[in-house]
There are 2 protein chains.
Amino acid sequence: MNIGQAAAASGLSAKMIRHYEHNGLLQPTQRSEAGYRQYQPKDIEILQFIRRARVLGFSLADIAGLLALWQNPQRSNTVVKQVAQQHLAEVEQKLKELQAMKQTLQLMIAQCAADGGAHCAILQHLAKPAAEVK
Amino acid sequence: MNIGQAAAASGLSAKMIRHYEHNGLLQPTQRSEAGYRQYQPKDIEILQFIRRARVLGFSLADIAGLLALWQNPQRSNTVVKQVAQQHLAEVEQKLKELQAMKQTLQLMIAQCAADGGAHCAILQHLAKPAAEVK
DNA sequence: ATGAACCTTACCCACATGGTAAGGTCAAGC
DNA sequence: GCTTGACCTTACCATGTGGGTAAGGTTCAT
């Protein structure tokens with residue numbers, strides 16, 4: 001199977017598959033005589049694993065670790081859980097930041113007349129907010 | 001006022017102030033004979049404006065626009081509001097994505113025994129999720 | 001044999017920020 | 001006057017996850 005078919009089968013782009021190989025996420029595959037990468041069904045499973053982990057926001061470094069654990073029969077699920085919990089904590093941290101942004105943005109937008117005039121609560125807030133944000 | 005003092009006064013780093021100037025966010029300042037950038041109190045207000053907008057997640061391109069509007073007495077608050085609403089929509093989109101990640105991560109973590117064994121619901125989910133995520 | 005569709009590597013770009021290197025400047029203290 | 005340390009300058013590299021493009025080789029069907 002060539003890289004284009006592997007990409008279609010896994011939901012990744014051919015570009016990214018090469019990138020993952022370059023980054024050490026994937027073992028270099030066999031090559032055809034012409035140098036084309038050859039993928040086996042087992043490789044497709046690995047690619048799908050990577051795609052699903054990316055959808056969940058895991059970094060490539062995290063995924064490298066998860067892949068190694070996945071392929072290690074001696075693994076401990078405790079380690080896997082730690083990785084996931086650490087990532088969840090980061091996601092929750094970003095959620096907090098975005099929620100704070102959202103709240104302030106909504107407040108500012110609600111206070112903006114949008115009547116075509118020059119007076120603007122949004123610009124006022126950015127110039128001198130009621131409560132300074134550090 | 002030198003760049004270090006301007007950085008301290010505005011809450012930005014000297015590095016970023018230079019970067020903003022390089023990007024066209026800031027007008028090049030006066031320079032001392034030795035070539036040091038010189039900042040006036042008015043410049044500090046602009047730097048603080050930028051910092052507050054960054055805290056709210058506005059891109060540098062957005063901030064360039066907001067700064068131009070701020071300094072234009074002929075501005076229309078309608079335009080400002082549009083910029084803010086567009087950014088809010090992006091923030092809300094990211095919030096949705098992160099919330100979906102959070103939910104799935106919590107589910108996977110809850111199902112993981114973490115008893116030191118090799119069986120792991122998290123890896124199972126990544127290998128073959130119950131409901132495929134495209 | 002030719003053309004389309006695929007593959008290869010190797011670059012540049014985004015985005016905001018940090019780091020580092022190599023060098024110039026200024027002020028304080030001796 | 002000289003040293004020292006803190007500051008400033010520019011210029012480059014790195015991050016992380018991709019997208020884009022270029023220049024070229026391969027494969028297959030017509």
Side-chain angles (χ1 to χ4, degrees), chain A residues 1-26 28-40 43 47 49-67 83 86-87 90-91 93-94 97-98 101, chain B residues 1-26 28-40 43 47 49-67 86-87 90-91 93-94 97-98 101 134:
Chain A
M1 203 189 284
N2 285 342
I3 198 171
Q5 291 159 326
S10 67
L12 298 168
S13 69
K15 184 106 189 190
M16 282 303 102
I17 294 176
R18 293 192 195 99
H19 184 56
Y20 296 154
E21 180 186 318
H22 189 75
N23 271 30
L25 254 189
L26 300 168
T29 61
Q30 285 186 334
R31 300 285 188 120
S32 73
E33 287 190 3
Y36 285 20
R37 291 172 180 82
Q38 299 295 304
Y39 293 89
Q40 308 303 322
D43 297 322
L47 293 173
F49 184 103
I50 293 174
R51 185 178 56 77
R52 291 186 196 111
R54 284 296 303 138
V55 168
L56 291 178
F58 284 102
S59 70
L60 296 194
D62 277 351
I63 296 175
L66 290 173
L67 273 175
V83 173
Q86 174 63 37
H87 177 51
E90 291 165 6
V91 167
Q93 176 60 32
K94 281 202 179 173
E97 294 169 10
L98 282 174
M101 288 181 195
Chain B
M1 203 189 284
N2 285 342
I3 199 170
Q5 291 158 327
S10 65
L12 297 169
S13 68
K15 184 108 190 186
M16 282 301 104
I17 295 177
R18 293 191 195 99
H19 183 57
Y20 296 154
E21 180 186 317
H22 189 75
N23 271 29
L25 257 189
L26 300 168
T29 61
Q30 285 184 336
R31 300 283 188 122
S32 73
E33 288 190 5
Y36 287 18
R37 290 174 180 79
Q38 299 296 303
Y39 293 88
Q40 308 303 322
D43 298 321
L47 293 174
F49 183 103
I50 293 174
R51 185 178 57 76
R52 291 184 197 114
R54 284 297 301 138
V55 168
L56 292 178
F58 283 102
S59 69
L60 295 193
D62 278 350
I63 295 173
L66 290 172
L67 274 174
Q86 174 64 36
H87 177 52
E90 291 164 6
V91 167
Q93 176 61 32
K94 281 201 181 176
E97 294 169 10
L98 282 174
M101 289 181 194
K134 281 218 170 168

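Quick note on labels: first sequence line is chain A, next is B, and so on, each numbered from 1.
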K.L.:
Indicate for each nucleotide in nucleotides 5-17 of chain C, in 5' to 3' sequence, whether protein heavy atoms under 4.0 Å reach the base (B), only the sugar-phosphate (S), or nothing (-).
P.N.:
-BSBBB-----SB
K.L.:
Just jot down the salt bridge (charged side-chain N to carboxylate O under 4.0 Å, His left out) partners of B/E21, sequence neighbours excluded, or say none.
P.N.:
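B/E21: salt bridge (charged side-chain N to carboxylate O under 4.0 Å, His left out) contacts with B/R31, B/R37.
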K.L.:
Can you list everything that forms a ring pair (Phe, Tyr, Trp, His ring centres under 6.0 Å) with B/F49? Sequence neighbours excluded, please.
P.N.:
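Listed in chain order: B/W70.
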K.L.:
List the residues meeting ring pair (Phe, Tyr, Trp, His ring centres under 6.0 Å) with A/F58, not counting sequence neighbours, and say none if there are none.
P.N.:
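Ring pair (Phe, Tyr, Trp, His ring centres under 6.0 Å) check on A/F58 returns A/H87.
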K.L.:
Mind checking what makes side-chain hydrogen bond (donor to acceptor under 3.5 Å, both in side chains) contact with A/E90, not counting sequence neighbours?
P.N.:
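A/E90 satisfies side-chain hydrogen bond (donor to acceptor under 3.5 Å, both in side chains) with A/Q86 once adjacent residues are dropped.
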K.L.:
Could I get the full list of side-chain hydrogen bond (donor to acceptor under 3.5 Å, both in side chains) partners for A/E97, not counting sequence neighbours?
P.N.:
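Once residues adjacent in sequence are excluded, the partners of A/E97 under the side-chain hydrogen bond (donor to acceptor under 3.5 Å, both in side chains) criterion are A/Q93.
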K.L.:
Grab the N/O contacts between the protein and nucleotides 1-5 of chain D below 3.5 Å, and write none if there aren't any.
P.N.:
none

K.L.:
Among residues at least two apart in sequence or on other chains, which ones pass side-chain hydrogen bond (donor to acceptor under 3.5 Å, both in side chains) with A/Q38?
P.N.:
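Expected list: A/N2.
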K.L.:
B/Q38 has an atom CD; how far is it from atom C1' of D/dC7, in whole Å?
P.N.:
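It works out to 13 Å between those atoms.
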K.L.:
In this structure, how many angstroms lie between the P atom of D/dG18 and the NE2 atom of A/H22, rounded?
P.N.:
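Computing the A/H22:NE2 to D/dG18:P distance gives 15 Å.
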K.L.:
Which heavy atom in A/L25 sits nearest to a heavy atom in A/L67, and how many Å separate them?
P.N.:
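Here A/L25 and A/L67 meet closest at O-CD1, 3.6 Å.
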K.L.:
What residues, two or more places apart in sequence or in another chain, satisfy salt bridge (charged side-chain N to carboxylate O under 4.0 Å, His left out) together with B/R54?
P.N.:
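B/R54 satisfies salt bridge (charged side-chain N to carboxylate O under 4.0 Å, His left out) with no residue once adjacent residues are dropped.
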